[in-house]
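Order of listing sets the numbers, starting from 1, for every ligand and every atom in it. None of these values were measured; they are calculated from a predicted model.
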Amino acid sequence: MPTVELVDRERALEVDEGETVLDALLDNGIDWMHACGGFCNCTTCAVEVEDGWDNLSDMEDSERNTLKRFQGDEALDGSFRLSCQAVVQGDIQISEPGWY
Ligand code: FES
């Protein structure tokens with residue numbers, strides 16, 4: 001089972017491979033904002049990926065467009081993912097981007 005480590009909360013979760021990061025967080029009782037309900041229409045669910053970027057599913061255009069629309073080009077620097085879109089495929093380390 002992959003591990004999702006929340007660096008800034010000093011928590012490590014064993015999660016099911018193939019679920020979104022958001023589902024993994026919520027399934028483990030982690031309170032994580034997701035204002036649009038996981039429909040790729042906000043950025044409140046974003047995570048900053050500290051390690052394991054390649055252990056997440058590829059970013060689709062819809063996610064890229066949403067990040068750019070709400071946070072600008074700097075959100076596309078290879079550090080940020082929408083947790084409701086990124087699927088866990090291996091170990092990752094994440095933190096909150098501090099946007100909200
Ligand atoms: S919950 Fe709104 S984009 Fe993920």
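Here the angle centred on atom 2 (Fe) of ligand 1, running from SG of C42 over to SG of C36, is 110°, rounded to 10°.
Within the 6.0 Å centre-distance limit, the rings of W99 and F80 are counted as a close aromatic pair.
Using a 4.0 Å cut-off between charged side-chain N and carboxylate O, E48 and R81 make no salt bridge.
For S95 and E50, the side-chain atoms include at least one donor-acceptor pair closer than 3.5 Å. Counting only N and O atoms by type, the side chains of E14 and T3 include a donor and acceptor under 3.5 Å apart.
Not a single N/O/S atom of C40, whether from backbone or side chain, sits less than 2.8 Å from atom 4 (Fe) of ligand 1.
Within the 4.5 Å cutoff, the side chain of D8 has heavy atoms near those of the E96 side chain.
Of all the atoms in ligand 1, the ones that sit under 4.0 Å from a non-hydrogen atom of C45 are 1 (S), 3 (S), 4 (Fe). Within the listing of ligand 1, atoms 1 (S) sit less than 4.0 angstrom from a heavy atom of H34.
Using a 4.0 Å heavy-atom cutoff, T66 is absent from the residues neighbouring ligand 1.
The protein non-hydrogen atom at the shortest distance from atom 1 (S) of ligand 1 is G38 N, 3.3 Å.
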